[in-house]
Trainee: 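Here it is: the structure, laid out below.
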2 protein chains.
Amino acid sequence: MQKEHNLSKNQKIIFDLIDKSRGPMKAYSILFNVQKKGIKAPLQVYRALDKLVEIGKIHKIESRNAFIACQNSSCQVSKATAFSICESCENVSEISNSKLSRYLSNFSDSSGMKYSKYNLEFFGLCKKCKSK
Amino acid sequence: MQKEHNLSKNQKIIFDLIDKSRGPMKAYSILFNVQKKGIKAPLQVYRALDKLVEIGKIHKIESRNAFIACQNSSCQVSKATAFSICESCENVSEISNSKLSRYLSNFSDSSGMKYSKYNLEFFGLCKKCKSK
DNA sequence: TTATAAATGTTATATTATTACATACTGTTA
DNA sequence: TAACAGTATGTAATAATATAACATTTATAA
Ligand SMILES: [Zn+2]
Ligand SMILES: [Zn+2]
Ligand SMILES: [Zn+2]
Ligand SMILES: [Zn+2]
């Protein structure tokens, strides 16, 4: 069960925006969109983003410097994330596949290093874009 | 077999620097280090980096905005990359594990999307840091 | 040689993210 | 309630990362 987090005012404004958006959002696009709600500075956005990432409500798509709402309420709070990214339309979706997450969470290599976290990004063409 | 690429002057300067370096290097740190060799502008660095990434001689560590020389001469030219990152000392190494790469290269989910590329970053504490 | 692609040089600018410092709010416990 | 700790906010300035635009040069190959 996931801990219930009471979002603060700014966190809520920013989470709601990202959650409503179709795809990943970039920080300065978020900033632009929340200025009418009184959030004026980049730092206000980045602070809320940091917190939202930390508690697993959103994830950062590292290869795109963009943020997406978690589409998988049962995922291990930002510790194990996998995404599918269309290189044509930039559509992103979170992959929720228990076999994959089990495989990766248990993965260990010859170095003997134990991993507590991973992020995986797959790239390709989505169905729509492939059929064009 | 990997195609032999003849690196241009700037590409060679920058590749050699990254290859010699212990860990991943950031673009502006590269710039600083090659200024004595006549490379003066960020764009010169980024162009070389783009090319080197494209041909698989280096990889970008997305979560760190940094670049590392490919440690795996037989890897599928930047199409399938996996890294282990220590969150304490920031040591990064490229994971070369045929089972893992086979598993991920063949992975497909319910969306029916076929992936041509992936990047995986594992995080944890390396042996040294864990024993501290 | 002529054409084409690839690489370079240079200036300016766009985009992404953090530092530093002051203030306010929220929940806990003495 | 008062004192405290932890979290969140506001604001300005700046750092760090990356690209646009344009002119020129070098390499490759038909
Ligand atoms: Zn998630
Ligand atoms: Zn698409
Ligand atoms: Zn490699
Ligand atoms: Zn370490």
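To find a chain, count down the sequence lines: A is the first, B the second, and so on, and within it residues start at 1.
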Trainee: Need one value for B:Lys12: base, sugar-phosphate or nothing, where a base atom within 4.0 Å counts as base even if backbone is also close, heavy atoms only.
Mentor: nothing

Trainee: A:Arg64 CZ to C:dT15 C1': how many Å, rounded?
Mentor: 16 Å

Trainee: C:dT10 C1' sits how many Å from B:Ile39 CD1, rounded?
Mentor: 14 Å

Trainee: Supply the atom-to-atom distance B:Ser110 OG to A:Asn97 CG, rounded to the nearest 0.5 angstrom.
Mentor: 7.5 Å

Trainee: For A:Asn6 and C:dT26, is the shortest distance between a side-chain N/O and OP1 or OP2 below 4.0 Å?
Mentor: no

Trainee: Determine the minimum heavy-atom distance between A:Ile85 and A:Glu90, stating which atoms define it.
Mentor: CG2-OE1, 4.3 Å

Trainee: Which nucleotide in the list C:dT11, D:dT9, C:dT8 gets nearest to the side chain of B:Ser8?
Mentor: C:dT8

Trainee: So, for A:Ser63 and A:Glu121, which heavy atoms are closest and what is the spacing to 0.1 Å?
Mentor: OG-OE1, 2.7 Å

Trainee: Give me the atom names and distance for the closest heavy-atom approach of B:Phe123 to B:Glu87.
Mentor: CB-CD, 3.7 Å

Trainee: Check the distance between C:dT15's C1' and B:Asn65's CG and give it to me in whole angstrom.
Mentor: 12 Å

Trainee: Closest to the A:Tyr46 side chain: D:dT11, D:dT9, C:dT18?
Mentor: C:dT18

Trainee: Could you check whether the side chain of B:Tyr28 and the base of D:dA18 have a donor-acceptor pair of N or O atoms closer than 3.5 Å, going by distance alone?
Mentor: yes

Trainee: Can you tell me how far C1' of C:dT16 sits from CG of A:Leu43, to the nearest Å?
Mentor: 13 Å

Trainee: When you measure from the side-chain N and O atoms of B:Lys26 to the phosphate of D:dA15, is any distance below 4.0 Å, counting only OP1 and OP2?
Mentor: no

Trainee: Nearest of D:dA8, D:dC22, C:dT18 to any side-chain atom of A:Gln11?
Mentor: D:dA8

Trainee: Taking the nucleotide of DNA chain C with the closest heavy atom to each, which residue, B:Pro42 or B:Ala48, is nearer the 5' end?
Mentor: B:Ala48

Trainee: Would you kindly give the CG-to-C1' distance between B:Asp50 and D:dA18, to the nearest whole Å?
Mentor: 9 Å

Trainee: How many whole angstroms separate atom NZ of A:Lys51 from atom P of D:dT9?
Mentor: 10 Å

Trainee: Among D:dG10, C:dT11, C:dT8, find the nucleotide with the atom closest to the side chain of A:Lys9.
Mentor: D:dG10

Trainee: Rounded to the Å, how far apart are A:Met25 CE and C:dT16 P?
Mentor: 12 Å

Trainee: Using whole Å, what does the distance between atom P of nucleotide D:dA8 and atom CD1 of A:Ile13 come to?
Mentor: 14 Å

Trainee: Between B:Ser8 and B:Asn10, do the side chains contain a donor N or O and an acceptor N or O under 3.5 Å apart?
Mentor: no

Trainee: May I ask you to verify if any side-chain N or O of A:Gln44 is less than 4.0 angstrom from the OP1 or OP2 atom of D:dT9?
Mentor: no

